[in-house]
Amino acid sequence: SPSTEDNGEKVLYLPMETAGPNSLDPVKGSSQYDSRASSYVYQTLLQYKYLHRPLELEPLLLTEMPEVSEDGKLYRFKLRQDVFFHDDECFPEGKGRRLVSEDFFYSLKRMASKKNQPKSWWLMADTIVGFDEFKAEQNEANEFDYDAPVEGMKILNDHEFEIQLKEPFYRFTYTLAMFQTAVVPREAVEHYGKKFSRHPVGTGPFLLKEWEAGSSMTFVKNPNYWEETYPNDPGLNKDGSEPYLGYLRDKELGFYQDAGKKLPIIDRVELKMFVQKQPMWLKFRIRELDYTAVPAENFSEAYIKRTQKLRKEYADMGIRSEPVPLVDLIYYGFNMEDEDFGGYDDRQKWLRQAISLAIDWEERNEAFYNNLNGIYDGPIPASLAGHPKNGSLPYAYRGPDLARARKLLVKAGYPEGKGVPKLVFFTSRAARLAEMAEMSKRHLAKIGIELDVRLVDFSTLTDALRNRRAPFFGLSWVSDYPDAENFLQLFYGPFKSPSSNNFNYDRPEYNKLYERIRVMSPSSERTELYEQMRDMVIEDAPMIGSMERTRYFLINKRLQNCKPIESFKLAQVPQRQIAEISQEPINRCGPTLSAGSFTTFPSSWRLCCW
Amino acid sequence: MLSRFLKSREAKKLFRDKSAIVAMVVIAGYLLVALAMMFDVVSRDDCANVVGPNSVPGFFLREEPERRYEIARTSLFGKVKRALEKSDPEAALAEVQLGKLRVADKTPAELQAIVDEAVAIQDQLKEAESLDDDPEMLSLLETFESITAELVAPLSGSDRFMHGVALLLGTDAQGRSILFRGVYSIKVAIQIGVVTALVSVLIGAVLGSAAGYFGGWVDALVVWLYTTFSSIPNLVLLVVIAYAFQATDSDVKDTLLPVYIAFCATFWIGTCRVVRGETMKLKQLEYVQAAKTAGFGSMRVLFRHVLPNTSHLLLINFSLLLIGAIKSEVILSYLGLGVKSQPSWGIMIRDAGNNGDVMTGFFWQIGTATALMFVLVLAFNILSDALQDAFDPKHL
Amino acid sequence: MSLIEVKNLVKHFPVRGGLLNRVLKKVHAVNGVSFTIEKGEILGVVGESGCGKSTLGKLIIRLLEATAGEVIFKGRPITHLNASELLPFRRQMQMIFQDPHASLNPRMTVGNAVREVLSFHNIVPRQELATKVKELFSQVGVNLDSIDRYPHEFSGGQKQRIGIARALAVNPEFIIADEPVSALDVSIQAQVLNVLMDLKNEFDLTMLFISHDLKVIDHFCDRMLVMYLGFILEEVPCQDIHADALHPYTKALLGANPVSDPEKRHELTVLEGEVPSPYHPPQGCPFVTRCPLVTEQCHAEMPPLVERIEGHRVACWEV
Amino acid sequence: MAIVLLVMLLLRVRDPVPGMMGKQATVEDIANKREELGLNRPRYVQYFTLLQQMVTFDFSQELWTQPGMTVGELLRKSVPISLLLTLPALFLTTVISVCIGMISAYARGRLLDKILVFFAVLGMSISFLVYIIFGQYFGSYQLGRLVGQPVFSIHGYEPGLQNWAYYMLLPVLISVIVSMGYNTRFYRAVMVEETTQDYITTAWSKGASTSKIMFVHMLRNAMIPIITRIMITLPLLVTGSILLERFFGIPGMGDALLSAISNNDFPVIEVFSSIFAGLFICSIILTDVLYAVFDPRVRLQ
Amino acid sequence: MHKSKALLTVNNLSVGFHTDRGDVTAIEDVSFEVRAGEILGIVGESGCGKSVTGRSIMRLLPKFNSFIDPQSEINFEGINLAQADEKTMRTLRGDRIAMIFQEPMTALNPVFTIGWQLDEALKYHTTLKKSQRRERAVAMLKSVEIPNPEQRYHEYPHQLSGGMRQRVVIAMALCCDPELLIADEPTTALDVTIQAQILRLMDELRKKAETAVILITHDLGVIAQICDRVIVMYAGQIVETADVYSLFKNPQHPYTKALLESIPQTGRQHHQTRLPTIEGIVPSLFDLPDGCRFQDRCTFRTQECVDREPQLSDEVDSRKVRCFFPLENLL
Ligand SMILES: Nc1ncnc2c1ncn2[C@@H]1O[C@H](COP(=O)(O)OP(=O)(O)OP(=O)(O)O)[C@@H](O)[C@H]1O
Ligand SMILES: Nc1ncnc2c1ncn2[C@@H]1O[C@H](COP(=O)(O)OP(=O)(O)OP(=O)(O)O)[C@@H](O)[C@H]1O
Ligand SMILES: [Mg+2]
Ligand SMILES: [Mg+2]
């Protein structure tokens with residue numbers, strides 16, 4: 001059996017549903033997994049509060065939230081002065097150096113260098129005064145000069161600096177909590193060169209000890225971590241109300257037991273990679289993993305589908321269920337530049353609407369998501385301003401309403417779907433998407449439209465989208481920050497492919513509205529505009545949707561203080577502070593589980609198999 | 001040719017082998033089914049269409065209460081409920097259908113009443129901790145089932161039969177008939193098997209015999225070709241070819257053609273080797289030399305005198321490749337590179353794997369696919385064994 | 001003019017092997033053989049297994065390409081003709097093979113095997129094919145009912161006769177019979193020899209008759225060549241070989257041949273010494289290793305094939 | 001080296017760069033990337049560069065999908081792991097199936113033979129995938145729970161020989177079961193061939209015992225086909241088993257290769273296929289050498 | 001001709017095979033005896049059961065599809081070989097009874113040295129030490145006139161010529177001084193000069209060591225040359241046995257006679273004459289005619305031959321014949 005000499009160490013065993021991050025260099029990363037893995041080692045200026053729901057930002061490497069000027073364009077930052085980089089051979093004498101203002105700007109400027117092949121430039125594009133010019137200039141030059149000045153970036157001193165924005169972009173604050181803007185030391189980048197991707201040096205609570213590509217990563221505690229502490233008990237408000245949603249439950253679950261303790265509490269984190277879900281689930285069940293997101297296909301094993309409650313056997317073992325609604329958008333999209341299905345003519349619009357009316361989201365939800373997902377109209381998910389009440393709008397084209405769809409087809413000149421060309425549908429090959437495509441094909445067949453399914457790998461899909469070759473496609477969008485603007489920008493004309501507007505939707509009215517809301521702070525006026533934009537999208541139907549998921553996490557008793565989130569491409573469970581481990585040893589095959597858990601396992605089969 | 005074979009010693013040997021006869025009967029059965037599929041006895045649509053609630057188990061398993069609840073909830077009840085909420089319930093109701101099941105011939109108002117009643121019971125049921133051992137809840141469940149059943153129009157005789165057949169082996173996660181899909185896959189499997197085996201045997205035979213017969217640069221070329229091909233790991237080659245097809249835009253990739261090509265590209269090698277060896281042996285034989293002295297051209301000698309005498313090898317190779325193709329299809333489909341837009345055993349196994357069927361104890365889908373495939377492959381295995389024995393002069 | 005003239009025919013087979021399939025060595029199968037065959041004559045070739053008899057036959061009929069030398073058929077060299085030029089000669093020369101079983105395509109009825117040859121060469125008009133086949137079969141004494149049967153349904157002697165029928169189908173003038181009776185029992189051997197004899201008498205066929213059985217050659221041929229390791233050691237008329245043979249090897253063969261009569265038992269001649277390898281034939285006479293009469297000269301030089309009397313040539317320094 | 005060419009041509013059907021660059025890349029970015037990877041050079045230049053690298057054993061190319069990691073490193077890591085899986089599997093399969101094949105050949109025509117062959121065929125008739133799915137669920141998960149402690153790992157890998165049985169034994173067993181059918185039948189045929197040889201009769205006529213006949217005379221002669229078969233599979237050892245590695249989370253070469261293919265990681269695929277081809281050639285040479293060891297007839301002069 | 005006691009007595013030996021066309025009896029009711037120092041020849045057409053007879057004495061018929069009739073008796077010095085168990089056979093084989101097989105090319109195991117293979121039998125049957133065994137093996141090689149025996153001892157079969165190989169096989173058979181040697185067409189594949197060598201060797205052996213030899217061949221010349229007595233077989237049965245002189249002089253069975261006549265005669269008077277032949281073919285073992293098995297081809301056939309199967313006659317002048325109308329002395 002495996003060696004896990006825990007010798008008093010507190011070790012976390014966590015799954016990651018991928019073959020592993022590609023790179024730990026923040027500017028090169030893009031995926032959720034890159035983000036998760038990086039977050040052990042690197043830190044950003046801001047972070048989301050650990051226990052607060054809905055999420056709220058707080059300073060991390062800063063002493064306080066940035067000061068924003070009246071016009072919303074000038075940001076002023078104060079760095080903590082007790083933050084040191086990891087001890088590493090790239091520093092003189094191997095001692096980690098103190099973090100200074102210079103480091104943050106250096107890290108931002110790395111996004112601009114062509115050499116780094118940054119996937120993150122879009123975050124900074126057209127945002128900071130003089131940054132775009134800096135990028136153009138330096139990439140032209142022979143040598144990229146990181147010391148060259150940028151107009152909008154000003155160092156005041158060691159620990160104070162200012163950033164001047166072109167416009168009062170509200171989202172800029174959120175950007176500062178995204179891992180792409182994490183702070184890296186210049187010494188390490190220059191010392192390790194290409195290897196830097198696999199040899200991270202940051203300010204975070206953990207050090208990367210081992211990385212078995214494709215199978216596991218081990219992080220160990222950073223002994224020189226600065227004085228970050230576990231969040232303190234905010235207490236009930238004076239009027240007895242909760243300071244945030246779910247505070248009382250958190251308190252009851254003992255999330256505040258460790259308040260004020262120095263972080264990190266854990267000595268070692270073992271990330272295990274899983275490409276297949278079956279082994280991950282099985283490993284959780286023998287308690288070799290401390291938590292897992294419940295794969296949809298195993299939901300009914302752990303939960304009673306009818307009540308969506310955890311089964312008794314699981315609850316009895318101290319396993320905790322944490323449903324986490326994702327802020328996301330699962331949709332089908334049209335390429336608006338497609339000859340047959342795109343376009344802004346009424347006929348073309350009706351055709352798209354008819355297609356939308358044929359798609360049965362409920363059935364999909366039932367077959368693949370255990371009926372757990374939320375279905376809503378328009379592109380704005382539930383927790384954000386602009387989301388329709390109850391998720392539904394009477395004028396939306398939500399299927400299945402075949403009668404209406406047929407009528408629209410007649411109106412569009414395709415009675416019974418006759419004359420509609422084959423609808424070529426691009427979707428990624430992963431897991432159950434193929435089955436889902438088959439379902440959609442069936443749905444469309446009912447109104448006489450033939451779906452031509454192209455199962456492709458993800459890179460081919462993105463390629464097809466970029467080249468505007470995919471007339472119809474299935475995708476999902478996970479928000480980068482909790483603001484509907486992040487969803488509405490998907491339809492902004494100038495962001496057409498190869499940028500994020502995969503629909504190539506381009507309506508001047510819409511674009512104008514977007515330019516307005518981009519620089520607005522939250523307000524009812526802004527929400528109104530959001531709704532207006534949402535309805536335009538619904539009517540023109542470049543997108544068919546929508547669905548958002550709830551992720552069900554199961555957490556073993558051993559793992560305390562763990563409150564998962566999953567949104568904004570953040571970690572599934574915020575790792576940095578985490579979690580007390582109870583001293584209960586890992587009992588890999590809890591005998592308590594075996595008796596009851598066979599309930600879903602027909603007895604007649606048990607005999608055959610042994 | 002056939003009649004000759006039937007008279008031959010080998011055929012007699014073959015027909016004396018009882019297991020071979022059984023195997024041939026089984027294969028004939030499969031072929032018949034495949035033929036029936038060609039005439040759309042079960043069409044592609046039948047495989048794609050929903051015939052019942054999701055993941056209904058097949059004939060011999062008693063359903064547990066939780067599942068019964070789910071089945072009752074997800075059959076017509078849910079659909080009717082939603083249809084009634086639509087702006088035009090009449091029209092919407094007309095669309096409601098689950099396989100052969102349709103909404104009972106009632107007015108929307110009547111239906112609404114039934115639905116309301118059901119919803120009330122459902123609310124009660126939802127509250128229950130567990131349905132398993134609570135007799136009160138069980139009876140409630142029964143009521144729920146019977147009420148929801150009222151929404152369904154009774155089936156006519158033949159429809160009821162077809163409904164029963166469709167549900168015989170249960171349904172998959174999307175409510176499609178496992179039986180239909182499994183049976184339809186026979187056609188796909190046989191198509192893939194026969195076409196790839198045929199083509200690769202053909203390629204292998206032509207190249208192999210040409211190489212063996214002519215020797216010289218032809219031989220060098222063929223040998224070079226197959227060493228090149230075989231020095232790439234088989235599965236990797238399959239995958240690379242399959243991927244290469246993915247990238248093309250043509251309609252071809254939705255057919256079985258990429259699968260055929262991927263398989264043929266790797267499968268011909270074995271046959272080619274064997275045939276080449278055999279041809280080199282036959283070339284020395286005196287009847288081939290006699291044919292040469294008679295002045296026959298090399299093509300005539302090759303096709304009339306050499307190739308027919310490798311036919312036993314071709315036959316054996318054919319059956320082995322057929323098995324190989326059917327088995328590899330499963331793996332390719334699992335990797336998402338195999339069959340598209342129609343069911344196949346590979347896809348069924350893939351779906352079952354992706355759906356966690358094994359873990360939830362739902363063995364119907366994977367079981368059906370495996371069993372159907374197992375029997376066919378077993379039959380072919382036995383047959384090819386018997387063929388091998390029959391053509392082995394040393395074997396008695 | 002003789003029907004066939006063979007001049008200095010040489011055949012070396014490369015033996016390949018090793019990693020790169022290099023030519024490792026050469027088998028010297030036929031080493032400069034010359035002789036002639038007159039029309040209507042049966043020339044026997046004897047020699048032990050592997051001495052190059054079949055190779056010689058195949059060289060003459062162009063189943064193998066000669067390394068050197070020439071074969072002249074009716075005054076026309078045929079060694080370098082290409083396939084189409086060769087076609088007319090194919091009709092005039094045929095071969096009967098050693099192994100009656102291997103010489104018929106197991107997947108063709110015997111009737112078809114013969115018919116194929118007939119129709120390919122347009123020997124007779126289509127409608128007469130069937131009759132012609134029957135005629136051929138009755139000529140060699142095969143039951144006419146069996147035309148539509150497959151080779152495995154025949155006995156060895158019958159198969160050999162069918163082989164002969166196929167060879168006769170093109171009305172050849174010259175037949176190479178490569179050990180047509182070695183694989184057969186004495187009783188069947190007699191049948192086949194009789195058939196050949198009849199054909200010779202009837203059509204005045206010319207034959208190169210290969211065998212390693214002296215008794216058969218002696219009985220059947222007009223003249224015989226004695227081969228050893230690819231060389232001709234002696235050419236002798238078959239009237240009374242026992243008396244005429246001069247070469248020590250021929251004599252040894254005759255002496256080692258047991259007589260089928262216990263009363264005439266005699267001490268069989270036993271040759272000491274080993275047969276040299278065909279890969280490295282000795283420089284001088286190939287028979288030196290076993291020859292009772294060996295001298296210095298034999299080691300040094302291959303004796304020429306010298307005509308002693310009309311139709312009797314010997315290659316030996318000592319006789 | 002044609003193999004490399006072939007693989008390259010097949011790979012080039014797709015353009016890898018856009019996929020690599022993510023959604024936000026601009027046309028210019030893509031062009032840059034192309035230039036960096038050398039994809040804009042003519043094909044033959046790329047081909048010869050690769051050849052040169054292969055000949056000089058230069059594996060320092062960086063992975064496209066895993067910046068900072070060289071192909072050499074990847075191979076160094078994954079190949080040994082794959083070998084830990086494939087070598088024992090090959091060994092077990094060969095030993096077991098040679099033995100069964102021999103027994104079966106010896107008992108040819110009798111019930112025992114029929115039973116053995118039937119089971120071999122039975123085993124062959126089920127999909128590999130099904131074996132894996134069931135093996136993982138019943139073999140590691142349910143068995144572990146039945147016994148009360150983990151017997152086989154469900155997923156994952158740790159280096160170290162003491163961990164071998166835990167992580168590798170089940171996959172090894174599965175692959176043994178799967179390949180046993182073919183091998184048993186093959187070795188049986190070889191052995192049957194042997195039993196009918198005249199020299200075996202000669203050995204009997206000398207009064208040799210059954211075991212002597214089987215293990216001395218027959219086995220020694222059967223070595224040639226056995227070696228050939230093993231040698232054919234030898235290069236495949238380094239490719240590992242794609243499916244097993246995927247399912248059991250063993251970070252071997254098969255897994256790496258499949259990821260590389262699906263992520264268009266050309267350097268890995270190209271380097272690997274050249275190495276594989278090299279191995280293939282080596283195995284042919286080795287086969288020749290071993291032939292000479294076991295068969296005096298082909299011993300080189 | 002000495003008349004010593006019979007070494008081997010075969011009584012009513014019948015052997016059959018299970019084949020894909022059903023069971024066949026390959027040899028039926030074969031009875032004969034061999035005395036020490038005697039060479040017994042067995043002749044007959046191909047497939048008439050000569051080898052099967054030899055192999056059944058060694059009990060080396062293929063295990064999986066052959067069967068010996070339980071009535072059969074093969075008495076070797078008091079042991080019934082037909083019923084003996086495998087262990088007894090193992091001690092006899094190679095030691096007291098040895099066999100030489102038809103094909104010298106394949107009878108030797110290609111992967112072991114000549115020495116190893118010679119040594120094997122000695123190892124099983126003698127208590128000699130390794131060096132002694134080696135000495136003996138080399139001596140054996142010498143006695144079969146293999147040049148350079150010391151060196152050949154270490155060579156592999158493929159390094160030897162066909163004739164040498166056959167002699168090695170003979171040496172192997174003889175190395176434990178067997179009392180009975182069964183030689184199954186030991187010279188068919190060889191050229192006449194080497195054949196002569198081997199025949200001489202066997203002749204010496206029987207003279208020197210009193211070894212009994214069963215010589216199976218279809219070459220009547222060989223029979224005439226060295227055998228004492230001859231058995232003629234046809235379609236699985238013995239049709240005639242006689243001493244070699246009387247058989248050749250006065251064949252009594254029509255088949256024997258026809259066989260002898262079809263040998264091509266040498267000499268001027270016979271040159272290029274038609275040969276007498278036996279018309280027809282050997283009946284297949286699967287559909288043997290009732291009555292005499294030679295009836296279809298016999299020139300002397302009568303109705304009786306068709307109706308009744310002739311039995312082997314009692315011994316007259318040490319001759320037996322299976323014919324209703326044995327031929328008189330015609331020569
Ligand atoms: N295709 C070939 N390749 C290499 N060597 C060959 C080939 N054919 C014949 N030989 C060799 O040439 C020599 C003469 O062979 P050939 O067949 O002519 O002998 P033969 O006298 O007909 O013998 P046999 O009586 O056995 O038929 C032999 O040593 C043989 O091994
Ligand atoms: N293993 C076997 N299985 C079936 N039948 C066999 C077997 N061995 C021999 N026979 C049959 O037994 C009969 C006698 O065979 P046997 O080998 O004794 O003939 P033979 O006289 O030695 O012929 P040859 O001169 O060709 O060696 C033949 O008809 C043969 O078909
Ligand atoms: Mg020959
Ligand atoms: Mg025999």
Side-chain angles (χ1 to χ4, degrees), chain C residues 42 47-51 154-158 183-194 197-198 200-201 212-222 238-242 249 252-275 277 290, chain E residues 43-48 145 147 160-164 189-200 218-228 230 243-249 255 258-268 270-282 297:
Chain C
I42 302 181
E48 66 189 275
S49 192
C51 69
F154 293 89
S155 73
Q158 281 172 313
L184 306 176
D185 259 292
V186 262
S187 55
I188 304 167
Q189 168 182 316
Q191 295 172 358
V192 174
L193 287 179
N194 284 344
M197 194 78 74
D198 295 345
K200 181 206 155 163
N201 294 336
H212 59 245
D213 188 340
L214 270 172
K215 268 182 287 204
V216 174
I217 295 276
D218 189 7
H219 177 88
F220 187 70
C221 301
D222 296 312
C238 290
Q239 303 306 318
D240 189 355
I241 337 176
H242 280 272
Y249 179 60
L253 283 179
L254 290 166
N257 203 12
V259 184
S260 334
D261 185 348
E263 314 238 305
K264 293 190 196 153
R265 269 188 199 182
H266 57 99
E267 192 62 16
L268 300 179
T269 322
V270 171
L271 283 174
E272 307 297 335
E274 284 304 317
V275 187
S277 140
R290 305 168 75 192
Chain E
V43 283
E45 254 171 284
S46 181
C48 67
E145 292 179 37
L160 274 57
S161 72
M164 282 202 306
L190 305 179
D191 108 75
V192 278
T193 58
I194 296 164
Q195 166 175 306
Q197 219 171 2
I198 284 163
L199 294 182
R200 191 173 71 180
H218 58 239
D219 186 339
L220 288 163
V222 172
I223 294 282
Q225 183 68 35
I226 72 164
C227 289
D228 300 317
V230 188
D243 74 273
V244 67
Y245 296 98
S246 27
L247 185 91
F248 274 82
K249 198 145 87 203
Y255 172 67
L259 203 59
L260 289 173
E261 280 170 355
S262 40
I263 303 168
Q265 301 290 305
T266 50
R268 252 174 242 280
H270 301 292
H271 191 71
Q272 296 193 345
T273 51
R274 272 188 74 89
L275 293 163
T277 59
I278 314 176
E279 288 305 324
I281 52 168
V282 190
R297 309 173 72 187

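This one's a predicted model, so the numbers in the text were calculated from it and none came from an experiment. In the text below, chain A, chain B and the rest are named by the order of the sequence lines, each starting its count at 1.
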Chain E contact via C/Cys221 - side chain, backbone, both or neither, heavy atoms under 4.5 Å: backbone
For chain E, the option from C/His266, C/Gln189, C/Gln158, C/Lys200 that forms the most heavy-atom pairs under 4.5 Å: C/His266
Identified side-chain contact (heavy atoms from CB on, under 4.5 Å) counterpart of E/Val192 within the set C/Leu254, C/Leu268, C/Leu253: C/Leu253
Residues that E/Glu261 engages under salt bridge (charged side-chain N to carboxylate O under 4.0 Å, His left out), provided they are two or more places apart: E/Lys257
Interchain contact, E/Gln195 with chain C, by part (heavy-atom threshold 4.5 Å): side chain
Counterpart residues, ring pair (Phe, Tyr, Trp, His ring centres under 6.0 Å), relative to C/Tyr249 (two or more places apart): C/Tyr228, C/Phe287
Segment of C/Ile188 engaging chain E (4.5 angstrom heavy-atom cut-off): side chain
Chain E contact via C/Val186 - side chain, backbone, both or neither, heavy atoms under 4.5 Å: both
Check: C/Asp261 side chain, C/Glu263 main-chain N or O, donor-acceptor pair, under 3.5 Å: yes
Residue pair E/Asp228 / E/Asp243, side-chain heavy-atom distance below 4.5 Å: no
Among the listed options C/Gln191, C/His219, C/Glu48, the residue most often paired with chain E at heavy-atom distances under 4.5 Å: C/His219
E/Thr273 side, atom OG1; E/Gln265 side, atom CD - distance, nearest 0.5 Å: 8.5 Å
Check: C/Asn201 side chain, C/Met197 main-chain N or O, donor-acceptor pair, under 3.5 Å: yes
Under 4.5 Å from any heavy atom of chain C - which part of E/Arg274: both
Interatomic spacing from CD in E/Gln225 to CG in E/Leu220 - rounded to 0.5 Å: 13.0 Å
Segment of E/Leu260 engaging chain C (4.5 angstrom heavy-atom cut-off): neither
Contact winner vs chain C - E/Gly221, E/Ala258, E/Cys227, heavy-atom pairs under 4.5 Å: E/Gly221
Heavy-atom check, side chain of E/Phe248 versus side chain of C/Lys264, under 4.5 Å: no
Options C/Leu271, C/Leu214, C/Asn194, ranked by heavy-atom pairs under 4.5 Å with chain E, top entry: C/Asn194
Partner chain C: residue of E/Ala196, E/Pro276, E/Ser46 with the largest heavy-atom pair count (under 4.5 Å): E/Ala196
C/Asp222 versus chain E, the contacting section by heavy-atom distance below 4.5 Å: both
Check: C/Ser187/E/Arg297 side-chain N/O donor and acceptor closer than 3.5 Å: no
Residue selection (most heavy-atom pairs with chain E, distance under 4.5 Å) from C/Cys238, C/Gly50, C/Gly255, C/Ser260: C/Ser260
For chain E, the option from C/Ile241, C/Asn257, C/Thr269, C/Asp240 that forms the most heavy-atom pairs under 4.5 Å: C/Asp240
Residue part contacting chain C, namely of E/Leu199, when any heavy atom lies under 4.5 Å: side chain
When C/Leu193, C/Asp198, C/Val216 are compared by non-hydrogen pairs under 4.5 Å with chain E, the top option: C/Asp198
